[in-house]
Amino acid sequence: MKILLLSASPRKKNSRTLTLAKNVLCGCEKSGAQTEIVYLNDFKIEFCRHCESCHRNILRCPIKDQAMALAKKILKADGIILAAPNYINQVPGSLKALFDRHSHFIHCKRLLGKYVAGVVTSGSGYDLAVLRYLKYYSMICGAQFSGGISSRQDSIGSKAGLAVKLGKKLVSDIQGERVFPAQVRRIEKGRQYFRKVIKARRQDWKEECLYWQKKGWL
């Protein structure tokens with residue numbers, strides 16, 4: 001089992017967000033998972049230009065950067081940990097830019113069968129909005145959200161035990177193929193919405209349409 005941690009803090013290894021996220025990874029490793037950390041600031045990720053090329057040609061983009069390489073790495077993982085500091089009640093620009101470049105994940109629910117955990121830190125401690133956003137993003141891509149943890153920067157040490165438990169839970173959810181009924185209903189509602197969109201754009205978004213056909217969704 002492979003767990004991928006996407007760390008969005010520009011401070012990378014000196015990040016307090018990473019300190020908390022590493023405790024989640026520790027829980028994953030104690031449960032037997034293989035883990036990998038990706039520092040988004042080590043990757044070149046440009047802004048989406050809304051050219052729709054990735055819908056016509058799955059996982060290909062005319063922008064010559066590393067966004068598609070990260071997409072393929074995410075697709076190989078069984079579980080994903082999204083770790084982000086709270087920047088004005090949102091994720092940092094590097095993570096949002098990556099999400100925007102992976103809109104194909106949303107159209108084709110490419111994270112179906114995967115599970116996500118969220119980690120958020122801030123100076124204020126008002127992090128629920130960011131955790132809700134990470135959960136929302138996970139579900140619109142098809143993944144179920146195992147849970148999240150947040151902390152003020154000065155309280156991270158006291159959250160270590162809870163973070164380890166979250167990591168163990170993430171692995172347990174994956175191994176047991178846990179079903180969160182409310183999330184599954186929301187994911188299915190989104191899939192039905194995009195079924196209409198894909199059918200309407202089948203001549204324009206040919207590879208996404210073909211993906212849907214191969215899945216038996218059309």
Side-chain angles (χ1 to χ4, degrees), residues 1-6 8 36 38 40 43-82 84 90-91 93-118 132-146 170 173-174 176-218:
M1 180 189 301
K2 180 67 175 292
I3 305 295
L4 180 68
L5 166 60
L6 295 179
E36 180 182 357
V38 166
L40 291 188
F43 289 77
K44 182 181 180 183
I45 306 169
E46 295 189 18
F47 296 134
C48 179
R49 299 172 188 170
H50 194 64
C51 66
E52 299 189 357
S53 178
C54 62
H55 308 317
R56 294 190 295 271
N57 304 287
I58 287 176
L59 295 178
R60 282 169 285 180
C61 179
I63 300 175
K64 303 303 180 184
D65 64 1
Q66 296 170 292
M68 292 303 107
L70 278 176
K72 293 172 183 176
K73 185 181 285 289
I74 291 168
L75 289 175
K76 291 179 180 178
D78 301 293
I80 302 147
I81 300 170
L82 299 175
Q90 247 300 346
V91 298
S94 59
L95 187 56
K96 184 59 169 66
L98 184 69
F99 289 169
D100 290 348
R101 292 289 299 285
H102 292 173
S103 59
H104 160 66
F105 281 16
I106 300 169
H107 287 198
C108 291
K109 307 301 170 194
R110 289 301 298 267
L111 301 189
L112 271 172
K114 300 184 187 299
Y115 292 76
V116 176
R132 282 196 296 265
Y133 177 71
L134 294 178
K135 180 178 181 179
Y136 164 78
Y137 175 77
S138 303
M139 289 190 295
I140 62 172
C141 293
Q144 294 186 75
F145 194 75
S146 286
L170 176 60
D173 289 347
I174 296 169
E177 298 181 353
R178 182 174 179 182
V179 173
F180 297 87
Q183 293 189 43
V184 170
R185 287 193 295 270
R186 189 168 181 180
I187 291 167
E188 179 59 20
K189 183 178 180 180
R191 191 165 67 92
Q192 291 304 321
Y193 169 80
F194 274 103
R195 183 174 184 271
K196 298 175 183 177
V197 175
I198 295 293
K199 287 180 71 174
R201 299 296 301 273
R202 65 194 315 155
Q203 296 303 317
D204 301 319
W205 300 344
K206 293 185 177 180
E207 286 199 8
E208 284 194 337
C209 181
L210 181 61
Y211 182 89
W212 272 70
Q213 289 172 340
K214 288 180 177 179
K215 287 288 186 179
W217 295 347
L218 284 180

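Computed from a predicted structure; not experimentally measured.
The distance from atom CZ of R186 to atom NZ of K189, rounded to the nearest 0.5 Å, is 8.5 Å. A distance of 6.5 Å separates CE of M68 from CG of L59, quoted to the nearest 0.5 Å. Residue I81 holds its CD1 atom at 8.5 Å from CG of L4, rounded to the nearest 0.5 Å. Atom CD1 in I3 sits 3.5 Å away from atom CD1 in I174 (nearest 0.5 Å). The line from CD1 of I63 to OG of S53 is 9.0 Å long, rounded to the nearest 0.5 Å. Within the model, atoms NZ of K135 and CZ of F180 stand 8.5 Å from one another, a figure rounded to the nearest 0.5 Å.
A side-chain donor-acceptor contact under 3.5 Å links H102 to the backbone of A67. Side chain of K109 to backbone of I140: a donor-acceptor contact under 3.5 angstrom is found. Side-chain atoms of E208 never come within 3.5 Å of backbone atoms of I198 as a donor-acceptor pair (strictly under, hydrogens ignored). Checking side-chain atoms of R101 against main-chain N and O of E46 turns up a donor-acceptor pair under 3.5 Å. A donor-acceptor pair under 3.5 Å links the side-chain atoms of Y115 to the main chain of R178, judged by distance alone. Although no hydrogens or angles enter the test, the distance criterion places a donor-acceptor pair under 3.5 Å between the side chain of K114 and the main chain of L75. D100 places no side-chain N or O within 3.5 Å of a backbone atom of C48 that could act as its donor or acceptor partner.
Shown here for S103 and C54, the closest heavy-atom pair between the two residues is OG-SG, 3.9 Å.
Using cut-offs of 30° and 60° for the angle between ring planes, the Y137 and F99 rings count as parallel.
When side chains are defined from C-beta on, D173 does not count as touching Q144, because their heavy atoms never get closer than 4.5 Å. For the pair L112/K215, no side-chain contact is recorded, criterion being any heavy-atom separation below 4.5 Å from C-beta on. At a threshold of 4.5 Å between non-hydrogen side-chain atoms, the residues R110 and H104 count as touching. Within the 4.5 Å cutoff, no side-chain heavy atoms of L134 are placed close to those of V116. With contacts defined as side-chain heavy-atom distances shorter than 4.5 Å, the pair V38/I74 does not qualify. Side-chain atoms of R56 and K206, non-hydrogen and from C-beta on, never get closer than 4.5 Å to each other. Residues S138 and L111 fail the side-chain proximity criterion, which asks for heavy atoms closer than 4.5 Å. With contacts defined as side-chain heavy-atom distances shorter than 4.5 Å, the pair F43/L98 does not qualify.
The list of side-chain hydrogen bond (donor to acceptor under 3.5 Å, both in side chains) pairs with a residue in residues 190-202, not counting sequence neighbours, reads E52-R201, E188-R191, E188-Q192, R201-D204.
With sequence neighbours excluded, the residues that form a ring pair (Phe, Tyr, Trp, His ring centres under 6.0 Å) with H107 are H55, F194, W205.
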